[in-house]
There are 2 protein chains.
Amino acid sequence: MENKTERFEKLLVKNGLKRTAPRLQVLEILSGRDSATSQPYLEQVMGKDADRVTLYRVLQAFEEKGIIHKVLDQQGTANYAICSDGCSAHEHHDEHVHFNCDNCHKIYCLDTVKIPALKVPAGFKVEHLNLIATGLCANCSDKVN
Amino acid sequence: MENKTERFEKLLVKNGLKRTAPRLQVLEILSGRDSATSQPYLEQVMGKDADRVTLYRVLQAFEEKGIIHKVLDQQGTANYAICSDGCSAHEHHDEHVHFNCDNCHKIYCLDTVKIPALKVPAGFKVEHLNLIATGLCANCSDKVN
DNA sequence: CATTTTAATGCAATTATGTTGCAAATATAA
DNA sequence: TTATATTTGCAACATAATTGCATTAAAATG
Ligand SMILES: [Mn+2]
Ligand SMILES: [Mn+2]
Ligand SMILES: [Zn+2]
Ligand SMILES: [Zn+2]
């Protein structure tokens, strides 16, 4: 079985992106976490390995290519998670619900929970739906009890 | 029938807030619009009538008291709308869908569209739901046709 | 109505987040 | 190995938001 780095390199090539250190590092970090990762956290972890501007540009490129998707938490902070397969440059196919824990502040992609269709008033044309649930995640509600 | 300003003054008193010019002005502006109002717009309209910091503090106080609610648009910008009745200091009772138009960028409170209940994975405890639909609003989809 | 009390405002400084232009570096194609 | 096209880093800038503190003003009190 091919290792993670090899997979990431192929992913970059497939999307016409050059195999660079900051890009591989971002993929490394994101893939190693069980929840969406905030921009500030990424910035902190990458430290001086990459300039702040580079990080923003890496994230933007990945988002455009459908490699990651952005989720804003309740404070408006950008969080990023690796996309499920099937997302591409011009369409993200992962309209799942996101869960923002009030306690640990993690954002989980609830890949199995799809957003139900909506009946909107006449005239409105819905393109995308974005649903964020807040409350306590499985970990935190355990601890509280 | 009592006029708007009188109503606003009562609203402030009821919530233990002093009747000040910046507060009345914010209520005036918000109530005169058909969609949620962004912080930058408010700042611009109020001009030098109130310091930027005061505006932030007015909005925060109103939100805490359940007088207005905040909606983040797709860029993470804060937008504010007056709450429906029944919202209070510690509970907002207006979990309706919000619609963010891709064209005019307005955010509409779809008061009549409630967010459907969700089935989440075991362990997760949902407190609040926050659903933003994007697409074209009634006005803009008219114009396009 | 004058005075006291308490809440709210304005200002200055600071932090966080995100963007742009451009020169230098580097990954990859030739 | 060289050429090219992309990517990076740096500097400067823009905007959003927060904090501490002195001053002002609203409302409560007598
Ligand atoms: Mn997700
Ligand atoms: Mn609303
Ligand atoms: Zn949690
Ligand atoms: Zn519109």
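Just so it is clear: chains get the letters A, B, ... in the order the sequence lines come, proteins before strands, and each one is counted from 1. Computed from heavy atoms alone, side chains included, the values below leave out hydrogens, waters and symmetry copies.
Cation-pi contact between A/Arg33 and A/Tyr41: present, with separation from the ring centre below 6.0 Å and deviation from the ring axis of at most 45°.
As judged by a 4.0 angstrom heavy-atom cut-off over every strand, A/Glu43 is placed among residues making no nucleic acid contact.
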Applying side-chain hydrogen bond (donor to acceptor under 3.5 Å, both in side chains) to A/Gln39 and A/Asn79, what does each step give before you reach the verdict? CA-CA 6 Å; A/Gln39 189 282 331; A/Asn79 287 255; over 6 Å; no
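B/Thr20 has no side-chain polar atom (N or O) that falls below the 4.0 Å cut-off from OP1 or OP2 of C/dA7.
At whole-Å resolution of the value, CG in B/Leu24 and P in C/dA8 are 13 Å apart. Counting to the nearest Å, the C1' atom of D/dA11 and the CZ atom of A/Arg52 are 12 Å from each other. Look at NZ on B/Lys18: it is 9 Å from P on D/dA26, rounded to the nearest Å. Following rounding to the nearest Å, B/Leu17 (CG) and D/dA28 (C1') show an atom-to-atom distance of 16 Å. Here D/dA16 presents its P atom at 11 Å from CD of B/Gln44, a figure rounded to the nearest Å. The CZ atom of A/Arg57 sits 11 Å away from the P atom of C/dG21 (whole-angstrom rounding).
The side chain of A/Arg19 approaches C/dA27 more closely than any other nucleotide in the set C/dA27, C/dT17, D/dC21. Considering only the side chain of B/Val53, D/dT18 comes nearest among D/dA17, C/dT19, D/dT18. Side-chain proximity of B/Arg23 to D/dC10, C/dT9, D/dT8: nearest is C/dT9.
Side-chain N or O atoms of B/Thr54 include none that pairs as donor or acceptor with a backbone N or O of B/Ala50 at under 3.5 Å. A donor-acceptor pair under 3.5 Å is formed between the side chain of A/Arg23 and the backbone N or O of A/Lys18.
When each of A/Ala50 and B/Gly76 is assigned the nucleotide of DNA chain D with its nearest heavy atom, A/Ala50 is the one assigned upstream, toward the 5' end. The 5' end of DNA chain C is approached more closely, in terms of each residue's nearest nucleotide, by B/Lys48 than by the other of B/Lys48 and A/Ala78.
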